[in-house]
Amino acid sequence: MNIFVVNCGSSSLKYQLIDSDSEQVVAKGLCERIGIDGRLTHSPAGKDKYESDKPMPDHKSAVSFVLEALTDSEHGVINDLSEIGAVGHRIVHGGEKFASSVVITDEVIKAIEECNDLAPLHNPANLIGISACRELMPNTPMVAVFDTAFHQTMPAKAYMYGVPFEYYDEYKVRKYGFHGTSHSFVSKRLLQLLGKEQGESKVIICHLGNGSSITAVKNGESVDTSMGFTPLDGLIMGTRSGSIDPAVVQFLAGKLNKSIDDILTILNKKSGVEGISGVSSDFRDLEAAANDGNERAELALEMFAYRAALYIGSYVAALNGVDGIAFTAGIGENNITMRRKIMGYLNYLGINLDEEANSKRGEELMISTADSKVKVYVIPTNEELAIARETLALI
Ligand code: ADP
């Protein structure tokens, strides 16, 4: 069966059509600048890439162009829409309402809407994607897969903040965690590679990309994670500060004569390794600059590695041990130097880096030496495939 996986943002829409039998991507693509002008890049497997600048005034027109591209006689991959068996939607925030994926109904849409407050930039866009698809494919079953759901197993001692309890009661202020689809996918694969039963396992997953988070997974369930109420918390990221003393917000608002909203925008969009280095949020640029002697770029890389190592250490404590660690996402899968820097902090766990294995990029491999007490793997993440699997399982 073909499963249409949709990740709808405020002005973009990423999609993949996945054959659930072979788990191969039949076509994938991206709509950008929705509501501004519009650009579609469509890549059908085994055929030439197709690009179009047809105007996309709204998400419905974007979905409609994608469906046209998928069924087109030249660059299409299916004959008609009846060959799409189901749609899987990536939804950022499921709050406390969703601890797993669900088949989309009117009630589910209402419940997702009730979480909008918690992800005001993302959830409304995700919902627009759902309604556009429902209008164009009214009889096709659809599933919502949440970034937060995997972390709903965290115990209260991990997800509560040290603030008056009524803010949790009344406003649901707590840690939620994100990247759950990726952490779930990679942790399952890590257990297979370690030959461990889910029921007796302790692993740590490092999803290091533009946005980064680390999760402690015990017996197959998330027990703690570095992102919090929003994805701003935890690790230092491409442009996000990660954890910071909240008093800095008030101090900077005063010094810069800016609002709290302005400071939060700075912490989300102008901070992280980009803000520290003044060079870029992209780790390839940072490495090149550091190699040219740029000290702030080197500092940014050192800070990133140090913070990651601190989280790994604290999660070893949370799990009271660790069987295996996995690196995933853009940096985790590809950045040889960053993996080496982080692994350099882990010798106390009996972990040693296999330099030769670590010299490879973008493939599944063990990068700890054979005699390391704790095994460390690189495992490419595949959130779209994870969404397709969840969708298939539910319909
Ligand atoms: P997103 O959170 O946007 O999905 P990704 O997981 O794609 O992000 O990660 C993007 C990061 O991965 C960038 O900082 C980029 O520099 C890094 N990256 C990708 N490929 C490489 C590579 N070959 N070497 C080093 N870093 C890489």
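Atoms within each ligand, like the ligands themselves, are counted from 1 in listed order. Just so you know, these numbers come straight off a predicted model, no measurement behind them.
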Quiz item: Does the distance from a Lys or Arg side-chain N to an Asp or Glu carboxylate O, for R39 and D53, drop under 4.0 Å?
Solution: yes

Quiz item: Sequence neighbours excluded, which residues qualify as salt bridge (Lys or Arg N to Asp or Glu O under 4.0 Å) partners of D37?
Solution: R33

Quiz item: Got a salt bridge between K341 and E298, using NZ or NE/NH1/NH2 to carboxylate O under 4.0 Å?
Solution: yes

Quiz item: Nearest non-hydrogen atom to atom 1 (P) of ligand 1 belongs to which of L286, N210, L208?
Solution: N210

Practice problem: Give the residue, atom name and distance (to 0.1 Å) of the protein heavy atom nearest atom 23 (N) of ligand 1. | Solution: N334 CB, 3.5 Å

Quiz item: Are D106 and R134 ion-paired here, with the side-chain N under 4.0 Å from a carboxylate O?
Solution: yes

Quiz item: Does S212 come within less than 4.0 Å of ligand 1, judged by its heavy atoms?
Solution: no

Quiz item: Can a salt bridge be assigned to the pair E68 and K54 using a cut-off of 4.0 Å between side-chain N and carboxylate O?
Solution: yes

Quiz prompt | Heavy-atom nearest neighbour in the protein, as seen from atom 6 (O) of ligand 1, with distance rounded to 0.1 Å | solution = G330 N, 2.8 Å

Exercise. Considering only non-hydrogen protein atoms, determine which one is nearest to atom 25 (C) of ligand 1 and report residue, atom name and distance to 0.1 Å.
Key: R284 CG, 3.5 Å

Quiz item: Is there a nitrogen or oxygen of F283 sitting under 3.5 Å from a nitrogen or oxygen of ligand 1?
Solution: yes

Quiz item: Are there protein heavy-atom neighbours of atom 4 (O) of ligand 1 below 4.0 Å?
Solution: no

Quiz item: Is K172 salt-bridged to E96, going by a charged N under 4.0 Å from an acidic O?
Solution: yes

Quiz prompt | Residues clustered with F165, ILVMFWY side-chain links under 4.5 angstrom | solution = M154, Y159, M160, Y168

Practice problem: Check R361 against ligand 1 and report side chain, backbone, both or neither, counting heavy atoms closer than 4.0 Å. | Solution: side chain

Exercise. Report yes or no: does G211 have a heavy atom closer than 4.0 Å to ligand 1?
Key: yes

Exercise. Return the residue, atom name and 0.1 Å-rounded distance of the protein heavy atom closest to atom 11 (C) of ligand 1.
Key: I331 CG1, 3.7 Å

Quiz prompt | Which residue and heavy atom of the protein sit nearest atom 16 (O) of ligand 1, plus the separation | solution = D282 OD1, 2.5 Å

Practice problem: Please identify which atoms of ligand 1 are closer than 4.0 Å to at least one heavy atom of S281. | Solution: 14 (O)

Quiz item: Could K60 and D58 be called an ion pair, given the rule that one side-chain N must be under 4.0 Å from one carboxylate O?
Solution: no

